[in-house]
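One structure below.
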Amino acid sequence: MPEIADFVPIVGESVVADLRALAGRLRGRRILNVNSTAVGGGVAEILSRMLPLLHQLEVDAHWDVIKGNERFFHVTKKMHNALHGGSEPISGEEFAFFLETNRDNLQGMDLGADIVFIHDPQPIALVEKKDGGRWVWRCHIDFTSPQAGTWEFLKGYIERYDAAVFSAPAFSRPLAVRQVLIQPSIDPLSDKNRELDEEAVAGICDRFGLDRRRPIITQISRFDYLKDPLGVIRAYQLVKRHVDCQLVLAGGGATDDPEGAQVLEEVKGAAAEDPDIFVLFLPPASDVEINALQRASTIVLQKSLREGFGLTVSEALWKAKPVIASAVGGIPQQIAHKYSGILTHSIDGTAYWIKQLLQEPEFARKLGENGREHVRNNFLITRHIRDYLLLFLSLFTRGDVVYL
Amino acid sequence: MASVFEFKSRLNLVELLGVKARDILELRHGLAAVPGSSIYHHTHRFLQQHHYLYPEPPNDFAFWIGHALAMDDLAERLASIDTIRFRRIEELRARLLEILDQWGDDDRMRAKACNEGEEFHFMSSRTFVLPTPLRAANLAEFAACLRRISFDSLYYHIFEARLRLGRDDNDFSVWFRANGFQELAREMARLDPYTITMEGLRRKIIQLVDAHA
């Protein structure tokens, strides 16, 4: 695991000094994070990287996980889909079971902390036990158009917290509690983002059969219709008529996800006739491979039809790659069009900009450089930790301007 | 003997107000109702987040009207507000409202709505001011500190101190004037920090200070 000092060469001394200063103001405060899984998923990933850094900053941060059976997680999965706008209703019985599981967890948990930081809907009802301390609910998921019934149910709990945290402005809605914007982040020292030497990149490209002498266009994402892999292939085909290039579609996916398997088969079918399209189904723990593929790319795409935040964009920008991405979800926060990347709205638009960037490498290089600086300033884990520390401090202070 | 200038830094926590606008009329209603910290946030956010990209950052209102509503004329009117002219947030709010009111009546303001997903979301920010170890008792030390301070520190003393904290001038000019560097204070006052990148601003101020040190 990296040391906090390892970030100094990346973000500068003053950023790390600010973290130390803020952490010092939280000394003596116990902070408890609660979520529903210790491994797997974005929340567990960020907590497992963030907690050791908080400890190095001498923040008394802890992490606990609620327990639930298969039925509980079936209900929470339905809630997740409902918050994404899905229409499958959740029955009164299912809501009751959800609450029962939360209450069962309350029996065995020590929630005595100055700040209780609850992540996502699964443990949201633990707030029933709030009797002191400050409670914050952190929503990591897309909340743009939640199903009304599920939203009303959750709202009753959210408003019992002292604050709610969302990842994008569009997820905010009228609530009786403070709402804070904290965007997710990438860790520049993780396997997915750390510097790789040319030999490692070349080795991985050779393994996949990529020709480094010709341009490589890449999209890293799950095989999911919402990531529009077939649209990516169509855009590539429009480009290929005029400019020689290769296309990489790489990502993982749950093997028990029938839709994912179906999308993968369709993508393989659409790519079958062209030896320059590489469809790579990567197993879990392929972070170094993803890192190398992004670094070997001439252009990185993220042509999603919907997106929560789309951190693959920040990952590619951090590698100073020119990125062409759809203007959906959190992507416009990461890309200022024509300054730190390209935002598109269609297959034709994506193809047009791929051609432009392949033929104007200087402009493409500048986009990548600007993108890297934008990520350095806004989407690295150090900014994420800073925002959490400010959030914690804000729970004990008043006013628009606070002198520390 | 000059007084000691203590460099400070500042960090912002962005808050969401749960208020959004789909057309100019809703934007106008929001603009009139949100707290001053929201007006400050939306007229200065670009400066902070994109300071290394372009020297003339538009305010969020102008950017949204231009991009989500494609009303370039109104966007330009809002973008060209001379922010440096305003000493109080409320004056800036009044000017923004005045431009919208001059542009059209309620019917014209609600005539065009943005696409779903492109709404304007009102936000505000809470500022935390932190001490830094940097101190200057003369111009040479001041210039040396300027070379080391973060953009957050520069930002705090130039923008935040003046408009958000309601001081009459930026902190640097106040210190120059109080310590007898009248000409330097005058030159500093002539700078329009809104039309320059943060690194460019740092360079300019260092040049000015060096010339008087």
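Residue numbers start from 1 in every chain, and the chains themselves are labelled A, B, ... in the order their sequence lines are given, proteins ahead of strands. The model shown is predicted, which means the values in this text are computed figures rather than measured ones.
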Would you compute the distance between atom [atom1] of [X] and atom [atom2] of [Y] and round it to the nearest 0.5 angstrom?
X: A:Arg386; Y: B:Phe128; atom1: CZ; atom2: CZ; value: 11.0 Å
X: B:His121; Y: A:Phe171; atom1: NE2; atom2: CZ; value: 9.5 Å
X: B:Leu11; Y: A:Leu404; atom1: CG; atom2: CG; value: 8.5 Å
X: A:Leu175; Y: B:Leu17; atom1: CG; atom2: CG; value: 12.0 Å
X: A:Ser172; Y: B:Glu15; atom1: OG; atom2: CD; value: 11.0 Å
X: A:Leu181; Y: B:His41; atom1: CG; atom2: NE2; value: 7.5 Å

Self-check item: Residue, of A:Asp400, A:Asp387, A:Val180, that accumulates the most heavy atom pairs under 4.5 Å with chain B
Solution: A:Asp400
Quiz item: Do you know which of A:Ala21, A:Pro174, A:Ser394 has the most heavy-atom pairs with chain B at a distance under 4.5 angstrom?
Solution: A:Ser394
Self-check item: Side chains of B:Thr127 and A:Val402 in contact at under 4.5 Å (non-hydrogen atoms)
Solution: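 Heavy-atom side-chain distance check fails, nothing below 4.5 Å.
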Practice problem: Answer whether the closest heavy-atom distance between the side chains of B:Leu130 and A:Leu22 falls below 4.5 Å. | Solution: yes
Quiz item: Which bit of A:Arg178 comes within less than 4.5 Å of chain B, counting heavy atoms only: side chain, backbone, both or neither?
Solution: side chain
Self-check item: Residue A:Ser145 versus chain B: region with a heavy atom under 4.5 Å
Solution: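 For A:Ser145, no heavy atom lies under 4.5 Å from chain B.
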Quiz item: Given the rule in the side chain to side chain contact (heavy atoms under 4.5 Å, CB included) test, do B:Leu13 and A:Leu393 qualify, once you have shown the distances and angles that lead to the verdict?
Solution: CA-CA 10 Å; B:Leu13 183 66; A:Leu393 286 167; over 6 Å; no
Exercise. Can you see which heavy atom on B:Met123 is nearest to which on A:Pro169, and at what distance?
Key: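 In this case the closest contact between B:Met123 and A:Pro169 is CE-CG, 3.5 Å.
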Quiz item: Who wins among B:Val14, B:Leu16, B:Val19 for the most heavy-atom pairs under 4.5 Å with chain A?
Solution: B:Leu16
Quiz item: Is the number of heavy atoms from other residues, nucleotides or ligands under 6.0 Å of B:Glu116 CD greater than 12?
Solution: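 Open.
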